[in-house]
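Written out below as structure tokens is the structure these notes cover.
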Amino acid sequence: MIDLQKELNPMQAKAASTIDGPVLILAGAGSGKTRTIVYRMAHLIESGINPWNIMALTFTNKAAKEMKTRVEAMLPGEASSIWVSTFHSTCLRIMFRFAESLGYTSSFEIADASDQKSIMKDVYKRLEIDPKMYPMKRIQNAISSAKDELKDEEDYAAENRDDFGKEVYIEVYREYQKTLRKNNSMDFDDLIMNTVRLFRENKEALEYYQERFKYIMVDEYQDTNTAQFEMIRLLAGKYRNLCVVGDDDQSIYRFRGANIYNILDFEKEYKDALVIKLEENYRSTGRILDAANAVIAHNTERKNKKLWTAHPEGSLIKFRQLDSAISEASFIADDIKTKVGTGGYNYGDCAILIRTNVQSKELEDAFRVRGIDYDLVKGLRFWDTKVIKDLSSYLLTVADGLNDMRTLRVINVPKRGIGASSVEKAVVFGAVNDISLLEIAGDAMRVPGMPSKAANAMKTFYDMIMSIRADMKGKKLSEILDEIIEKTAYMDYLVGETETKEKYAEAVEYIDKLRETLDIYEEDTDEPDLVDFMRQNGVEGNALDKTGESDEKDKVLIMTMHNAKGLEFPCVYISGAEDGLFPSYMSLNSDDEMAVEEERRLCYVAITRAEKELMITAARQRMINGETRYSNVSRFIREIPIGLMDMNVTAAPAAPKDKPDYNNREIAARAFSAPPSALSPGFKKRTLQEPPKELNYGEGDRVLHFKFGTGTVKSIVSGGRDFEVTVEFDSGETKKMFAGFAKLKKV
């Protein structure tokens, strides 16, 4: 028999030994929750419960495999019958058994992401919907969110019948589901929604699984959505032996549908529930945990708990405020290099946590210059993102047009009616005759078999490139970029390519970052040149990657705070700790009171990733959405008691005699809470693509667009930073665009 009192701490042992009834295990960060779950499963088996009657639900196959492997190691031969699986895998197995009762055959298929995209394209074609007006990915996300809330197409229609803007969404949802059923298919969201529907409508099926799964455990319960909650509630309805494990303070996936109230209200659903708190942390030092506790205590919607550790209190949390994002990145890179150089750490021991992927640009530059190898976890490096690859390809094509790979990328972006077969004919002709693709585009009719429509579209592309090239003289490089964006209507194209407004805003940030990089390069270079700029910034090849000398495993990791959940590192850097970035302006300006609380939970997650050392950095000025902003230090960081921090902070760049004494905590504290810095002497504030504060046209007015011609304004919606304008053009096309980029003129 396993001695739980010997193997686990008192609260873990209590959680593992409690068998009957509803149990809520509140497992704080680093408190050994997986160990507790595994020992609980083993204890259930040793208590005489048939492994066949035990179910454990997780969110990843990796977690499920780890749990089952560890139970098998403890009780050889006993774990094979335990049902340890993800939600989707569980529902798939249930559906294969009972699909016919819902109108499917037992050989139904799963529509993966590629299938869903094909179905949506077909639906749009049948319904004659313009994907630029109604981006497919946005409607697909809306359908997915509806299914998470157990709303089928008719529920969704009833809920949104009075919302004029949702008419197309309703039509698409109906047609999408009709197509799935016609093809005997379910998408991943259907698996869970249909399982709930099965349990509600088929008493025999529900009773079968209630008898099968008399003891149910759910990991990461704070991340469950409404459909998953209902599925679990129905399964556990007969025997009520439900044990859920999670941490409301680590609920950070609301944007994916997670409902924090599933865990907060567990005791309302199960009034006799036993609540067990795992608060002893085995990961971090005392000071790091004190900082995390202090921050999360400011949230009102949470269960009361406090992390503690038997570890030493450790070193102070370091905070540094730098002048700019560039100097912040340089400081972090130098600090890591010093740590590794003194033998205290390896590069792989260090992780930099950022709020958004856009922040990686300066960090990547700093590491590349210093020859430090790094990886961007679950994200694309700045120069590898689609929007930057598109625009840098345009810039190189305008610069010389000799790189066919660059021209090939943008010759039909945005779409110009140049088909793949026409492009292939041009590429083959160029290879045979040693002519660049750009040159061929100027006279494509000489290519054998080239359709006249495609040839004319190529000529239009060529003329546009030549026109921009002719205008280059005397222009800033960033102005050339703006001309490319304007003449290609690239921002209108982005509206259709991005899934959500948040994704669109992120793409705009990438473009603004590219502008800023161009301006900085031009200011620092005697003879600026686009090809040289691209070569310096790694677009023409990364010198570090070519050396082959770096240890693949020994890399500094850069990742968003969301991607860091579940991980831990000896040394953690939290970069960009400024109000407006973290928490974001969107959260600060939201009417939703929970928006800032969710970001504070994200800060708690970030802090508790650190084992030994935590460094927090902020920049006084940073380019955000095309303008230089001056920010306060993040309110989350200001919630950390000053006594826990080594605060090497200055107020603003000033004369030497005015600089504060870094050793004086009172002065440091005043600087820490000071308002945003004043404009540094000699610094030029750049404002790029400043959106209009008001429009000189309204709904019903006639306007002129440089590309689409004249049209009538159908609607104007304020999107916060810019106006979203819908125009019906005389050509018959209807376009939705942002006023700051469209530059419409009233006729």
Side-chain angles (χ1 to χ4, degrees), residues 59 87-88 91 110-125 127 129-160 163-180 185-194 223-228 251-260 356-357 378-380 385-387 492-509 560 562-563 584 586-587 590 592 594-595 598 717 719-720 724 736 738:
F59 280 87
F87 278 93
H88 285 108
C91 292
I110 297 298
D112 61 18
S114 177
D115 297 326
Q116 292 171 42
K117 186 175 181 179
S118 296
I119 293 170
M120 289 295 283
K121 284 184 176 179
D122 184 51
V123 168
Y124 268 58
K125 188 175 181 180
L127 297 178
I129 296 172
D130 182 0
K132 292 182 180 178
M133 281 283 291
Y134 298 96
M136 288 184 193
K137 291 178 182 178
R138 292 188 187 178
I139 294 189
Q140 186 72 57
N141 285 345
I143 293 172
S144 178
S145 296
K147 291 180 180 181
D148 284 347
E149 294 297 318
L150 295 173
K151 296 169 186 171
D152 64 16
E153 61 270 39
E154 296 311 319
D155 295 329
Y156 185 79
E159 184 181 73
N160 295 283
D163 189 340
F164 175 76
K166 291 294 175 63
E167 285 185 346
V168 172
Y169 285 65
I170 292 169
E171 282 187 84
V172 172
Y173 191 179
R174 280 176 171 156
E175 198 65 23
Y176 174 77
Q177 288 302 108
K178 180 180 175 182
T179 305
L180 281 174
S185 297
M186 300 182 200
D187 63 20
F188 292 109
D189 297 310
D190 284 329
L191 284 174
I192 298 177
M193 186 168 73
N194 282 336
D223 294 336
T224 55
N225 59 34
T226 299
Q228 291 160 338
S251 179
I252 58 174
Y253 294 122
R254 186 168 60 153
F255 65 96
R256 293 182 187 169
N259 185 350
I260 191 175
T356 67
N357 278 318
K378 292 186 180 180
L380 290 172
T385 56
K386 173 178 164 44
V387 62
D492 293 338
Y493 164 73
L494 266 186
V495 171
E497 286 293 300
T498 48
E499 301 175 16
T500 61
K501 288 184 178 180
E502 290 74 24
K503 287 289 184 183
Y504 176 85
E506 183 178 82
V508 171
E509 281 191 63
T560 64
H562 282 99
N563 287 334
S584 67
M586 187 180 298
S587 297
S590 173
D592 181 1
M594 290 294 285
E598 172 131 346
V717 179
E724 193 174 75
K736 185 180 289 185
F738 287 91

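Please read these numbers as outputs of a predicted model, since none were measured by experiment. Basis for what follows: all heavy atoms, side chains included, without hydrogens, waters or symmetry-related copies.
The structure places CG of Asn160 at 11.0 Å from CD of Glu167, a figure rounded to the nearest 0.5 Å. A distance of 10.0 Å separates OH of Tyr169 from CD1 of Ile143, quoted to the nearest 0.5 Å. For the atom pair Asp190 CG and Cys91 SG, the distance stands at 11.0 Å (nearest 0.5 Å). Atom OH in Tyr253 sits 6.5 Å away from atom NE2 in His562 (nearest 0.5 Å). In this structure, the separation between NZ on Lys117 and CD on Gln140 is 11.0 Å, given to the nearest 0.5 Å. Considering OG of Ser145 and CZ of Arg256, their distance stands at 12.5 Å, rounded to 0.5 Å.
At least one donor-acceptor pair closer than 3.5 Å links the side chain of Glu598 to the backbone N or O of Arg254. Of the possible polar contacts, one joining the Gln228 side chain to the Asn225 backbone as a donor-acceptor pair under 3.5 Å is found. Listed for the Thr179 side chain is a donor-acceptor partner under 3.5 Å among the backbone atoms of Glu175.
Looking only at side-chain heavy atoms (C-beta outward), Leu191 and Ile110 come within less than 4.5 Å of each other. Looking at heavy atoms from C-beta onward, Ile192 lies in side-chain contact with His88 at the 4.5 angstrom threshold. In this structure, Arg174 and Tyr156 have side chains that are not in contact, with every pair of non-hydrogen atoms separated by 4.5 Å or more. Put simply, the side chain of Ile129 does not reach to within 4.5 Å of the side chain of Met136, judged on heavy atoms. The side-chain heavy atoms of Ile139 and Tyr124, taken from C-beta on, include a pair separated by under 4.5 Å. Between Glu153 and Tyr176, the closest side-chain pair of non-hydrogen atoms is not below 4.5 Å.
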Go through the steps for Lys151 and Tyr173 under the test side-chain contact (heavy atoms from CB on, under 4.5 Å), then give the verdict. CA-CA 11 Å; Lys151 296 169 186 171; Tyr173 191 179; 5.6 Å; no
Would Ile260 and Met594 satisfy side-chain contact (heavy atoms from CB on, under 4.5 Å), going step by step from the backbone distance to the final call? CA-CA 10 Å; Ile260 191 175; Met594 290 294 285; 4.1 Å; yes
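In plain terms, the two heavy atoms of Ala227 and Leu150 that are nearest each other are CB-CD2, 3.6 Å. When every heavy atom of Ser590 is checked against every heavy atom of Asp592, the shortest pair comes out as OG-N, 2.9 Å. Shortest non-hydrogen contact noted between Ala157 and Ile170 is CB-CG2, 3.6 Å.
When Thr226, Asp189, Asp187 are each tested for a side-chain hydrogen bond (donor to acceptor under 3.5 Å, both in side chains) with Lys147, only one passes: Asp187.
Between Phe87 and Phe59, the angle of the ring planes lies from 30° to 60°, which puts this pair in the tilted group.
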